[in-house]
Amino acid sequence: MPGAFRTLLCALLLTALASSISAQFRLFGPRSPKPTPPPRQMRKASAYISRQEPLKVNQSLLKEATPDNVHVVVSLPKQRAYLMIGEEIVADSPISSGKAGHSTPSGHFSVLEKDPDHRSSIYGDFVDRSGRTVRSGISAKADSAPSGTHYVGAPMRWFMRLTGEGVGMHVGILPGYPASHGCVRMSADGAKLFYDTVKIGTKVDVGDY
């Protein structure tokens, strides 16, 4: 009898324990695994471009602008270039200046050369005889051309040279931050407007403006 009693008591305790666990399971539900965070996606260049204000032009001042009365100011912190008459802004253009290790030189310059279809003598692609790009984004100073290829310089439309080393202002990609090898990249409309208005000898100030 005592043995049967103990067996009955154990059975009752096990039943109570199972009921308690079942109740907790119903109350809180099964423990869900932590959700896996979505993979971080690289920002597209357009996301950075959209952060820069587009070219802004004062049309009434533009009518007064001549190669003899304009000068250019390039603000490296603001990543903007200004075509100016005196202290008044004729055009305000987004730019991309030199990245770390290839920073755009600061100082007082003047336009040394104008070339509407200029190509880089240092940076470009290795291209085969059929015109197919074999290697892109190379440096002619550091990279060797694969057999059967030749160097083609990167296009620098509406080029306005500022230094003898090749730094200038021209059309280029604007990612929203300094990204060039030293030149001042501009939007196509901005570079064309500046190119058409300045002359060889126009003053260009580059720095923390």
Side-chain angles (χ1 to χ4, degrees), residues 43-99 102-125 133 136-137 152-163 166-209:
R43 280 181 180 268
K44 294 182 179 179
S46 59
Y48 291 104
I49 293 172
S50 65
R51 297 192 311 184
Q52 285 184 293
E53 290 289 331
L55 175 70
K56 294 181 285 189
V57 182
N58 184 324
Q59 295 295 339
S60 60
L61 272 180
L62 182 61
K63 294 176 182 178
E64 302 176 18
T66 71
D68 295 316
N69 68 4
V70 298
H71 65 280
V72 175
V73 173
V74 176
S75 171
L76 299 178
K78 296 177 181 177
Q79 292 291 281
R80 308 294 293 187
Y82 306 99
L83 181 67
M84 305 185 69
I85 298 176
E87 297 299 315
E88 296 186 284
I89 297 174
V90 178
D92 173 356
S93 172
I95 67 162
S96 177
S97 59
K99 60 187 176 181
H102 297 275
S103 58
T104 300
S106 296
H108 305 293
F109 306 93
S110 60
V111 177
L112 302 177
E113 174 193 0
K114 293 175 63 178
D115 184 355
D117 295 305
H118 187 73
R119 284 187 175 269
S120 174
S121 60
I122 301 175
Y123 302 104
D125 305 325
T133 299
S136 62
V152 175
M156 296 178 168
R157 290 275 291 161
W158 310 120
F159 182 72
M160 295 159 275
R161 182 185 295 275
L162 301 181
T163 74
V167 174
M169 305 172 66
H170 61 82
V171 176
I173 296 172
L174 302 181
Y177 52 85
S180 79
H181 285 96
C183 283
V184 177
R185 297 178 184 171
M186 306 179 73
S187 61
D189 52 354
K192 179 66 163 59
L193 175 61
F194 279 55
Y195 184 94
D196 286 344
T197 310
V198 305
K199 66 177 182 178
I200 293 177
T202 295
K203 301 300 180 183
V204 180
D205 296 319
V206 181
D208 297 336
Y209 298 105

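In this structure, the side chain of Arg185 does not engage the main chain of Pro175 through any donor-acceptor pair within 3.5 Å. Between the Thr104 side chain and the Gly98 main chain, a donor and an acceptor come within less than 3.5 Å of each other. Judged by distance alone, with hydrogens and angles left aside, the side-chain atoms of Ser96 form a donor-acceptor pair with the main-chain N or O of Ala179 at under 3.5 Å. Under the 3.5 Å distance criterion, the side-chain polar atoms of Asn69 are matched with a main-chain donor or acceptor of Glu64.
Interatomic distance, OG of Ser180 versus CE of Met156, reported as 8.5 Å (0.5 Å rounding). For the atom pair Met186 CE and Leu55 CG, the distance stands at 7.5 Å (nearest 0.5 Å). Note: Ile89 CD1 to Met84 CE = 5.0 Å, rounded to the nearest 0.5 Å. The structure places OH of Tyr209 at 8.0 Å from OG of Ser106, a figure rounded to the nearest 0.5 Å. Annotation: the span from Ile95 atom CD1 to His170 atom NE2 amounts to 11.0 Å, rounded to 0.5 Å. Rounding to the nearest 0.5 Å gives a distance of 8.5 Å between CG of Leu112 and CD1 of Ile200.
Between Gly201 and Ser110, the shortest heavy-atom contact is O-CB, 3.8 Å. Closest approach of Val171 to Ala191, counting heavy atoms only: CG2-CB, 3.6 Å. The minimum heavy-atom distance linking Gly182 with Val167 is given by the pair O-CG1, 3.4 Å. Residues Pro67 and Thr202 share a closest heavy-atom pair of O-OG1, 3.9 Å. When all heavy atoms of Gly86 and His71 are compared, the closest pair comes out as O-CE1, 2.8 Å. Nearest heavy atom pair, residue Gly190 against residue Ser93, reads CA-OG, 4.0 Å.
Taking the side chain as every heavy atom from C-beta outward, Leu62 and Leu193 approach each other to under 4.5 Å. Within the 4.5 Å cutoff, side-chain heavy atoms of Val198 are placed close to those of Leu83. A heavy-atom distance below 4.5 Å is found between the side chains of Gln79 and Ser97. Within the 4.5 Å cutoff, side-chain heavy atoms of Asp117 are placed close to those of Arg157. Residues Val204 and Met169 have side chains in contact (heavy-atom distance under 4.5 Å, counting atoms from C-beta outward).
Every residue two or more places apart in sequence or in another chain that forms a side chain to side chain contact (heavy atoms under 4.5 Å, CB included) with Pro116 is listed here: Trp158, Tyr195.
With 3.5 Å as the limit, one finds no donor-acceptor pair spanning the side chains of Asp68 and Thr66.
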Carefully, step by step, assess Val70 and Lys199 under the rule side chain to side chain contact (heavy atoms under 4.5 Å, CB included). CA-CA 9 Å; Val70 298; Lys199 66 177 182 178; over 6 Å; no
Evaluate the criterion side chain to side chain contact (heavy atoms under 4.5 Å, CB included) for residue pair Lys56 and Arg80; output intermediate values, then yes/no. CA-CA 11 Å; Lys56 294 181 285 189; Arg80 308 294 293 187; 4.0 Å; yes
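Within 6.0 Å of CD in Glu113 there are more than 12 heavy atoms belonging to other residues, nucleotides or ligands.
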